[in-house]
Amino acid sequence: MVMPVIQLELAGVDAQERDKFDGGHEMGSNQQLVSPGDLITTDVGFMRGHGTYTKEDGLYASLAGVVQRVNKLISVTPLKTKYQGEIGDVVVGRITEVQQKRWKVNTNSRLDSVLLLSSVNLPGGELRRRSAEDELSMRKYLQEGDLISAEVQNVYHDGSLSLHTRSLKYGKLSQGTLIKVSPSLIKRRKTHFHKLPCGVSVILGNNGFVWVSPTEHEEEGGGSGGFSQNLSQVPTTDRTGIARVRNCILALAQNGVMLWDTTLANAYDACLKYPLTDLLKSDVMREIAFVTRQNLEHQ
Amino acid sequence: MATVLVSETEKLYVLHGVQEDLRVDGRARMDVRPIVVETDLVTHTSGSAHLRLANSDILVGVKAELEATTPARPTEGRLEFFVDCSANATPDFEGRGGENLATEISQALARAYQSAHVFDRRQLGVLAGQQCWVLYVDILILECGGNLFDAVSMAVKAALSSTRIPKISVTAVDGGEPELELSDDPFDGAKLDLRSAPILVTLLRIGNFCVVDPTPEEEACASAGVVMGVNVQGHVTMTKKVGSGSFHQRGLIEALKNGTAIGVELNRQLLNKLEEEDLQGYQRPKFGFLS
């Protein structure tokens, strides 16, 4: 038997290492980190946004996070949070329940989201009213545990979301792996579907769920909408790429680096000099995040 | 076992990965995720340890108490394991949800530590036939990142190795009632001999192969598994089958062989690190949950 990789460390070995890295990195001058109860400003000209409250003498933070100013509006974006949906967001979710005319979807928000039968594409792309037969075969299309990518169609007054998959880029997800990070780490971009050069596709859900899968080659433009699922074995090279990207995303998330296509590509380049099994070690993860952050500042 | 929802295609991906010896996180079948351990961080216990295996977070406290001996074993003390699955770990543990898992783990530990060859309970004897030390090992599962048996057992071993049994002297026997005197110095105590104490190693069968240190997703894909207690000499102190599936005879033998090798290596590294920590003395900085 080949000797297995086992790494057992004492606590604190890591903390000393971390101090070394943190010393070299300075927060941007316009960034302000606050914890609940911290005074943000005593000026009166500002508007109170999410994550803040006013007391007689000023504006205070009610969350731990980064202060953001948009003109006169001050809000605090929490570092770790449940997902608060907005219309048009791309999300990745897991079906938890099949109900009448709707699926319940776990999207990392406070309440489960709904996906109505009328907001999905039927197999074959037929456009018609949904019949009772469609309702009976709902579980054939999506069953409990299945993963989907979708877009937020509507936000209800209680904060729960209604999703839709009426585009061929959305729908059921096939082989790959899901990573859960904090939603505040996903940077909002024009597109959240990325094909990395290493043969790996990534969906960065706004809700903090990230889907990493092998790139499908034979598609023309849009995607299959999840109607056809490729069940053949994923080749080893793709699998290695996916494992690397997965560990890179975890490394970035653990060290508080925002996720979008540039950071992913940077992190992937940075991780190539390490063997795959080393990417789970916390010092290597920190190094990858550090290099990514540095590259970002130089660009 | 706390189960997570996993779709059929994700399972297929995990299964093929195990077949190819390249798991979802890039590990080979017999690789273990990084482990971080710290002992002696809870001040009001006789010994304690905090262990993190990827996302599994375990806190163990050991409390030594003087109690009456049992008639069957007058010269020996006792070890009592108690597992508490915090609802912080997963909502499934809420109420009595974690109880089955808790008893399963504590029974496995009790069986693994049963033999006198791995843990000599005479170390805990005080006064034959009258008084002995009872070690209450309280295990708190704070976060579930898979592979709880292994993580818990390593934390237990670390906590026991940091345990100091206070020095005690019998001053006078007064009408058959012995008078015991405890030393005032909290550092005046003896450490236990844990060189041959076991840890648990879980091997899960996914498809036709076994993996160690499964993630929660892999646990959801596994049909059967075997938990074994292994000490540093490579002695198997207990085995237990988990899951509803079956093992082929050849597969089982292979699994036990691999598990023993992993167990020996884990034990060796754990003992080395604990010794290293012990050498730093009691004034070393404590990190706790902030490391």
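Values below: every heavy atom of this structure, side chains too, minus hydrogens, waters and symmetry copies. Chain A is the first sequence line, chain B the second, and so forth, proteins listed ahead of strands; every chain is numbered from 1.
Under the side-chain hydrogen bond (donor to acceptor under 3.5 Å, both in side chains) rule, A:S113 has a single partner from A:N207, A:T96, A:T107, which is A:T107.
Shortest non-hydrogen contact noted between A:V90 and A:F193 is CG1-CE1, 3.9 Å. Between B:L266 and B:I35, the shortest heavy-atom contact is CD2-CD1, 3.9 Å.
Contact annotation for A:D146: both backbone and side-chain heavy atoms come within less than 4.5 Å of a heavy atom of chain B. Both the backbone and the side chain of A:T240 come within contact range of chain B, with heavy atoms under 4.5 Å apart. Proximity to chain A is absent for every atom of B:E254, based on heavy atoms less than 4.5 angstrom apart. Both the backbone and the side chain of A:R239 have a heavy atom closer than 4.5 Å to some heavy atom of chain B. Neither the backbone nor the side chain of B:E217 comes within contact range of chain A; no heavy atoms are under 4.5 Å apart. Only the backbone of A:I95 has a heavy atom closer than 4.5 Å to any heavy atom of chain B. No part of A:L279 comes within reach of chain B, as not one of its non-hydrogen atoms sits under 4.5 angstrom from that chain. For B:L270, the parts lying under 4.5 angstrom from a heavy atom of chain A are both the backbone and the side chain.
With chain B as the partner, the residue from A:Q175, A:R244, A:E144 showing the most heavy-atom pairs under 4.5 Å is A:Q175.
Ring pair B:H50/B:F289 is tilted by interplanar angle, where 30° to 60° counts as tilted.
Here the straight-line distance linking atom CD1 of B:I141 with atom CD1 of B:I139 works out to 7.5 Å at 0.5 Å rounding.
For the residue pair A:T236/B:E20, the side-chain donor-acceptor check at 3.5 Å is satisfied.
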